[in-house]
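Pasting a structure here, questions to come.
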Amino acid sequence: MSVTATEFKMNFGKYLLMAATEDVYITRNGKTVAKLTAPYQNKLDTVNSLFGSIPDTMTLEEAKEERLGKI
């Protein structure tokens, strides 16, 4: 979900509750300036959001090695 900084300030509690189930992107002047997310998000979800989709057959270590090899 994406909200403006003004909307976020006016409804802070609402967006704190929403952040437990989905990422909340905060925008200012049409540009994303922050991301509110759950602190204990599944590590695999975090890796997927950073690196893209990882096949079930690949370990996190293999994904890291593959990613670092492309740099």
Side-chain angles (χ1 to χ4, degrees):
M1 159 169 286
S2 180
V3 297
T4 65
T6 302
E7 168 68 15
F8 180 75
K9 287 191 294 186
M10 291 177 13
N11 296 295
F12 182 71
K14 171 184 170 181
Y15 294 110
L16 279 180
L17 291 173
M18 290 180 82
T21 59
E22 64 181 295
D23 292 339
V24 177
Y25 294 89
I26 304 162
T27 63
R28 183 179 301 158
N29 298 323
K31 295 181 181 180
T32 301
V33 294
K35 176 182 171 185
L36 183 63
T37 188
Y40 304 109
Q41 185 179 18
N42 182 318
K43 289 182 181 181
L44 187 55
D45 290 342
T46 302
V47 170
N48 281 338
S49 71
L50 295 173
F51 297 114
S53 199
I54 298 175
D56 291 337
T57 58
M58 184 180 284
T59 66
L60 290 177
E61 290 76 22
E62 290 171 338
K64 287 178 189 176
E65 288 175 11
E66 181 178 307
R67 176 68 177 167
L68 292 175
K70 292 182 180 179
I71 294 178

Got a list of side-chain donor-acceptor pairs under 3.5 Å for residues 7-17, not counting sequence neighbours?
| residue | atom | partner | partner atom | Å |
| --- | --- | --- | --- | --- |
| E7 | OE1 | N11 | ND2 | 3.4 |
| E7 | OE2 | N11 | ND2 | 2.9 |
| E7 | OE2 | Y15 | OH | 2.8 |

Test of understanding: with side-chain contact (heavy atoms from CB on, under 4.5 Å), list the residues that count as partners of T21, not counting sequence neighbours.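 If we apply the side-chain contact (heavy atoms from CB on, under 4.5 Å) test to T21, skipping adjacent residues, there are no hits.
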Shared hydrophobic cluster, Y25 / V3 (ILVMFWY, side-chain heavy atoms < 4.5 Å):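 No, it is not one cluster - the side chains of Y25 and V3 are not joined through contacts under 4.5 Å.
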Using only atom types and a distance under 3.5 Å, with no angle test, would you say the side chain of T4 pairs donor to acceptor with the backbone of T27?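 Not confirmed, T4 side chain does not pair with T27 backbone.
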Which residues pass the side-chain contact (heavy atoms from CB on, under 4.5 Å) test with A5, sequence neighbours left out?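 In terms of side-chain contact (heavy atoms from CB on, under 4.5 Å), with neighbours along the sequence ignored, A5 is linked to I26, R28.
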Rounded to the nearest 0.5 Å, what separation is found between the CG atom of L36 and the CD atom of E22?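 The distance works out to 10.5 Å.
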